[in-house]
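Down below is the structure, laid out as structure tokens.
As a basis for the values below, the full set of heavy atoms in this structure was taken, side chains included, without hydrogen atoms, waters or symmetry mates. The chain is numbered in sequence order, starting from 1.
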Amino acid sequence: MSQYYEVGDRVLWNPSTGVSRLFHGQVPVFEERVGVASGIGPMVNDDCRVDPAALAVFAQALLDWDLRVGHSINRALSEGFVGTVLALASRAGVTLTWPSLPDLGRPARLRRLARELEQAMPGDRP
């Protein structure tokens, strides 16, 4: 079984049910952390509607928050979720503003992770 994250009729991501539940369960935690709605709707009959405008705001807020976090365990705990949201945002056509610092350290690591996750995301309906 799998679930679908969609913008209109376009499938952004089609993870297995277990992966989707893990990801979707973390959404409210990070919405509270950054104080912004994600645009990732409820899962209804294995379909989740994504609002790309709200996702853009959420992804940017999440990226900004993550780059400010100094605690190594906090970063480790959040990295997979942040990378997944950045990949999902990219699939939705969202353009993020990255820091103008040299592409080293945390920003470079998140960019690489998001690209890797995006390439690994199944996204079509059978």
Q: Grab the two heavy atoms, one from Cys48 and one from Met43, that are nearest each other, plus how far apart they are.
A: CB-CE, 3.5 Å

Q: Determine whether the side chains of Tyr4 and Ser20 contain a donor N or O and an acceptor N or O closer than 3.5 Å.
A: no

Q) What distance separates Ile40 CD1 from Asp51 CG, expressed to the nearest 0.5 Å? A) 10.5 Å

Q: Report whether Leu62 and Leu113 are members of the same hydrophobic cluster (ILVMFWY, side-chain heavy atoms less than 4.5 Å apart, transitive linking).
A: no

Q.
Can a side-chain donor-acceptor contact be found between Asp46 and Ser2 if the only test is distance below 3.5 angstrom?
A. no

Q | Check against side chain to side chain contact (heavy atoms under 4.5 Å, CB included), Met121 and Thr84 | A | CA-CA 9 Å; Met121 285 180 159; Thr84 303; 3.8 Å; yes

Q. Quick one: CZ on Arg75 to CD on Glu79, what's the gap to the nearest 0.5 Å?
A. 9.0 Å

(Q) Please check this pair: side chain of Asn74 against backbone of Val69, looking for a donor-acceptor N/O pair closer than 3.5 Å. (A) no

Q: Determine, step by step, whether Glu6 and Asp47 satisfy the side chain to side chain contact (heavy atoms under 4.5 Å, CB included) criterion, reporting the C-alpha distance in whole Å, the side-chain angles of both residues, the deciding distance to 0.1 Å, and the verdict.
A: CA-CA 7 Å; Glu6 303 168 313; Asp47 290 322; 3.7 Å; yes

Q | Main-chain N/O of Val7 paired with Arg49 side-chain donor or acceptor, under 3.5 Å | A | no

Q. Shortest non-hydrogen contact from Leu117 to Gly83?
A. CD1-C, 3.5 Å

Q: Look up atom OH in Tyr5 and atom CG in Asn14, then write down how far apart they are to the nearest 0.5 Å.
A: 10.5 Å

Q: Would you check if the side chain of His24 reaches a backbone N or O of Val19 as a donor-acceptor pair within less than 3.5 Å?
A: no

**Q.** Reported CG-to-CG distance for the pair Leu67 and Leu63, which is rounded to 0.5 angstrom
**A.** 4.5 Å

Q: Could you check whether the rings of Trp65 and Phe30 sit parallel, tilted or perpendicular, using 30° and 60° as the cut-offs?
A: perpendicular

Q: Would you name the heavy atoms of Ala54 and Gly39 that are closest together and state the gap between them?
A: CB-CA, 3.5 Å

Q | Exceeds 12 heavy-atom contacts within 6.0 angstrom, atom CZ of Arg33 | A | no

Q: Please work out which of the three classes, parallel, tilted or perpendicular, describes the rings of Trp13 and Phe23, given edges at 30° and 60°.
A: perpendicular

Q. Which distance, rounded to the nearest 0.5 Å, do you find between the CG of Leu55 and the CD of Gln60?
A. 11.5 Å

Q) Does Ser90 have any side chain to side chain donor-acceptor pair (under 3.5 Å) partners at least two apart in sequence or in another chain, and if so, which? A) Glu118

Q: For Leu88 and Leu12, work out which heavy atoms get closest and say how close.
A: CD1-CB, 3.8 Å

Q | Residue pair Ala56 / Leu96: nearest heavy atoms and the distance that separates them | A | O-CD2, 4.3 Å

(Q) On a heavy-atom basis, which atom in Val36 and which in Ala61 lie closest, and how many Å separate them? (A) CG2-CB, 3.9 Å

Q.
Using 0.5 Å steps for rounding, measure from the CG atom of Leu22 to the CZ atom of Phe81.
A. 10.0 Å

Q.
If we ignore hydrogens and angles and just use 3.5 Å, is the side chain of Arg10 paired with the main-chain N or O of Arg91 as donor and acceptor?
A. yes

